[in-house]
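Structure first, then comments.
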Amino acid sequence: QVQLVESGGGSVQAGGSLRLSCAIRGPLQSSYAMAWFRQSPGKEREGVAVIESEDGTTYLDSVKGRFTISRDRGHNNLYLEMATLQPEDTGMYYCAVASRWIASTGSPWVDYEYNYWGQGTQVTVSS
């Protein structure tokens, strides 16, 4: 059984930094993409950053230049480096893995089925 376990969340002041980690455990046969999502109070869940099988990355516009997604060589750990954090970055952050390709729209948020999810780690940014 595949399990994703996030860590690294916390409370910081605006302008601060955090590094989120996601340990991927279990018999993951293959993945098309690994991603970070977040859900802020009163808002729908949104994709923040994704890294695809050929290491291409896509970011939510509001985090471009501030966040960096990466993974280790064995694809067992996924990371999200977050810098210059703002209060609007507050939310529960989830890592997810997509093992199915379901569409060809060109959007990694739509083209893959993210079927493995972690429990989330809370990020709170105060002004």
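Heads up: numbering here begins at 1 and tracks the sequence. Computed from a prediction, not measured in an experiment: that's the story for all the values here.
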Val63 versus Glu88: any side-chain heavy-atom pair under 4.5 Å?
no
Indicate the atoms forming the closest heavy-atom contact of Leu4 with Val2, along with that distance.
CD1-CG1, 3.7 Å
Are Met34 and Leu28 close enough that some pair of their side-chain heavy atoms sits under 4.5 Å apart?
yes
Within-4.5 Å side-chain heavy-atom neighbours: Ser99 and Tyr32:
no
Report the C-alpha separation of Met82 and Val123 in whole Å, then their side-chain angles, then the decisive distance to 0.1 Å, and conclude whether the side chain to side chain contact (heavy atoms under 4.5 Å, CB included) test is met.
CA-CA 10 Å; Met82 305 186 293; Val123 172; 3.9 Å; yes
Taking all non-hydrogen atoms of both residues, which atom of Ser31 and which atom of Val97 are closest, and how far apart?
CB-CG1, 3.6 Å
If I compare all heavy atoms of Thr58 with all of Pro108, which pair ends up nearest, and what's the gap?
OG1-CG, 3.7 Å
Enclosure of Gln119 CD (heavy-atom neighbours >12, cutoff 6.0 Å)
no
Assess whether side chain to side chain contact (heavy atoms under 4.5 Å, CB included) is satisfied between Trp36 and Cys22, documenting all intermediate values.
CA-CA 9 Å; Trp36 289 95; Cys22 175; 3.8 Å; yes
Considering residues at least two apart in sequence or located in another chain, which fulfil the side chain to side chain contact (heavy atoms under 4.5 Å, CB included) criterion with Val12?
Leu18, Leu85, Val125
From the options Gln122, Glu6, Arg38, select the one residue that forms a side chain to side chain donor-acceptor pair (under 3.5 Å) with Tyr93.
Arg38
Applying ring-ring contact (aromatic ring centres under 6.0 Å, His included), can you list everything that pairs with Phe37, at least two apart in sequence or on another chain?
Trp109, Tyr114, Trp117
Do Ile51 and Leu78 come close enough that some side-chain heavy atom pair is under 4.5 Å?
yes
Determine whether Tyr112 and Tyr94 fall in the same hydrophobic cluster, where Ile, Leu, Val, Met, Phe, Trp and Tyr are linked whenever their side-chain heavy atoms lie under 4.5 Å apart.
yes
Would Arg71 pass as a cation-pi partner of Tyr79, given that its NZ or CZ must be under 6.0 Å from the six-membered ring centre and within 45 degrees of the axis?
no
Close side-chain approach of Trp101 to Asp111, heavy-atom, < 4.5 Å:
yes
Donor-acceptor pair, distance only, cut-off 3.5 Å: does the side chain of Thr124 make one with the backbone of Ser11?
no
Taking the side chain as every heavy atom from C-beta outward, state whether Asn115 and Arg100 have any atom pair closer than 4.5 Å.
yes
Is the shortest heavy-atom distance from the side chain of Val50 to the side chain of Tyr59 under 4.5 Å?
no
Inter-residue atom distance Tyr116.OH - Gln3.CD, 0.5 Å rounding:
11.5 Å
When you compare the side chain of Leu80 with that of Phe67, does any pair of heavy atoms fall below 4.5 Å?
yes
Mind checking the CG-SG spacing from Leu20 to Cys95? Nearest 0.5 Å is all I need.
9.5 Å
Donor-acceptor pair, Gln86 side chain versus Thr84 backbone, under 3.5 Å?
yes
Can you name the closest pair of heavy atoms from Pro87 and Ala14 and give their distance?
CD-CB, 4.1 Å
Those residues at least two apart in sequence (or on a different chain) that pass side chain to side chain contact (heavy atoms under 4.5 Å, CB included) with Ala23 are Arg25, Asn77
